[in-house]
4 protein chains.
Amino acid sequence: MGTDDQRPMDKSGKLMLRHQHTIRVRYSETDQMGTFYHARALDWFECARSEFIRRLMGLSYAEVEKRGVYLPVIEAFLQFLGRARYDDLLTIDATLHRPSPARLRFEMEIRLTGNGLPVVRGWTVHAFVDVHGRPIRPPKWFLDLLERAHAQKS
Amino acid sequence: MGTDDQRPMDKSGKLMLRHQHTIRVRYSETDQMGTFYHARALDWFECARSEFIRRLMGLSYAEVEKRGVYLPVIEAFLQFLGRARYDDLLTIDATLHRPSPARLRFEMEIRLTGNGLPVVRGWTVHAFVDVHGRPIRPPKWFLDLLERAHAQKS
Amino acid sequence: MGTDDQRPMDKSGKLMLRHQHTIRVRYSETDQMGTFYHARALDWFECARSEFIRRLMGLSYAEVEKRGVYLPVIEAFLQFLGRARYDDLLTIDATLHRPSPARLRFEMEIRLTGNGLPVVRGWTVHAFVDVHGRPIRPPKWFLDLLERAHAQKS
Amino acid sequence: MGTDDQRPMDKSGKLMLRHQHTIRVRYSETDQMGTFYHARALDWFECARSEFIRRLMGLSYAEVEKRGVYLPVIEAFLQFLGRARYDDLLTIDATLHRPSPARLRFEMEIRLTGNGLPVVRGWTVHAFVDVHGRPIRPPKWFLDLLERAHAQKS
């Protein structure tokens, strides 16, 4: 597997990291169809990203913002593959890619925890901006944390 | 100013103003019981307050915050009296009281627009705080706008 | 009925209808970045679809569901193009397409009402299912209402 | 301690049970003031009730509803005592009371997990209704589970 695996890059030179997070469907997230309201999947993606950053990078996204770096969603895609109901446990698999120097991309898969049936698949693309929403260069400390996260996993 | 009715005060010397606002129940606000998720009533109260301030005070609450004045909810009470379903039109009656110099109190009644059946009754109490959440004295310009609103109604 | 343009079809034989809807950003839809929380755009899409169906098809989506027909979102895409803040008025342009016999596709553009600056662009794809979530053939009465809507516009 | 303590009743003959639950503030739950949007506290109360019922009664509230018993909120009260921010851990203390034969009452206290600072205090009152929203007598199996829960704790 060589040295490439020790760097957070896939074959095309893009960074890749994985993390798994579990949530439970809240009553407030259901709608009158008896399953979850579709938009809530984006809230769950965000929960998974928060845990991803905390666990793999060793600081919270709250701390990232305190350092003046914001990672707003600039694109999102969602495919709804199956039902999930109130109180169901969901497993969210998050994979981080770096499609270009100034972008992060989280690929997400949500499944029923028990039987693994697919619920939602999708992704979000994030820019690096400052507190005023202006694009910034990804800060070195942030990229270093990503690199270290990958090194520790491999 | 003459009689009590020309000043924005009720019998106990408290300010009182009324406004009516209409909203439609969103699909995202339903839950698996087939009616609205109870917490959404607080969102609707907030919509009614926003319109109340815009219509009666002649500026938006967004502008109030831009001037450094925040009116967070510090207490809320809700009674759920009847069902409302997706796409139902709701009429919200908002009455503003001033129970003490540093507090505002909005009394709310939500009814089905068509038949007037009661849906929610409740109230919220608001403090005056600055951007850091510290209590402030209600600014004179704010109170003047309230007084003028009452004068125009009577 | 004459030319193709008088029938609810685009050049490729797909149905097309347009409708515009206006909403105001709620305080509850903001987040700590000071703009709207991105997932709320899907709630707004849904509001625009509800009004689209009511205005162009002459019945509410609530009535569509009462007749046993559900149109769940099976795919969604969102591009976030600009900021919108609490109390901003937003204009949502919805265009309905019929990419295949058993699918509806709503293309959405959200702009600031005042200056027309783009906020969100995206689309949702919908299947026809019954109350148990099983795919059904689009009912004739539904397609007839779509046809009639187009005939009336042209 | 006597025998009273072995039954789920307080001095006035009312049932009492306690449970603690922890949640983390989601980004989607913040608003432009930089803290949580106040209505989200009712969503958190609901999460704590769900865990309360699962842990103390040994079945999920989803299962309670499957047996035809619904416990809608008919009254709610909230006091907002302090700030909580994105990513803060919150500890929710839930105490169940039975103020009358046909009512349940959950008393709630939300604190910052780290320093114990108070965030929200409040309560919700619940009726027993069937799937159509009609009041029903609390079923014996439900009351038996409550009794057993108390017996196990004391």
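Every chain is numbered from 1, with letters handed out A, B, ... down the list of sequences. FYI, side chains are in, hydrogens and waters are out, and symmetry mates aren't considered; it's all heavy atoms of this structure. Bear in mind that the values here come from a model prediction, so they are computed numbers and not experimental data.
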Is there side-chain contact between [X] and [Y], with at least one heavy-atom pair below 4.5 Å?
X	Y	answer
D87(A)	V25(A)	no
T22(A)	L90(A)	no
I110(C)	F80(C)	no

[X] versus chain C, heavy atoms under 4.5 Å apart: side chain, backbone, both or neither?
X	result
F45(A)	neither
R40(A)	side chain
W123(A)	side chain

Using a heavy-atom distance cut-off of less than 4.5 Å, which residues of residues 48-70 of chain C contact chain A?
-> R49(C), E65(C), Y70(C)
Can you tell me if H126(C) and T124(C) form a side-chain donor-acceptor pair at under 3.5 Å?
-> yes
By a 4.5 Å heavy-atom criterion (distance strictly below it), what part of V131(C) contacts chain A: side chain, backbone, both, or neither?
-> backbone
Hey, could you give me the CZ/NE2 distance between R83(A) and H132(C), rounded to the nearest 0.5 Å?
-> 9.0 Å
Separation between CD1 of I23(A) and CD of E29(A), rounded to the nearest 0.5 Å = 6.0 Å
When you look at H97(C) and T95(C), which way does the side chain to side chain contact (heavy atoms under 4.5 Å, CB included) test go after all the steps?
-> CA-CA 7 Å; H97(C) 303 255; T95(C) 315; 3.5 Å; yes
Residues which pass side chain to side chain contact (heavy atoms under 4.5 Å, CB included) with Q20(C), listed by chain and number, not counting sequence neighbours = T91(C), D93(C)
Taking A41(C), P72(C), A76(C) one by one, which has the highest count of heavy-atom pairs under 4.5 Å against chain A?
-> A76(C)
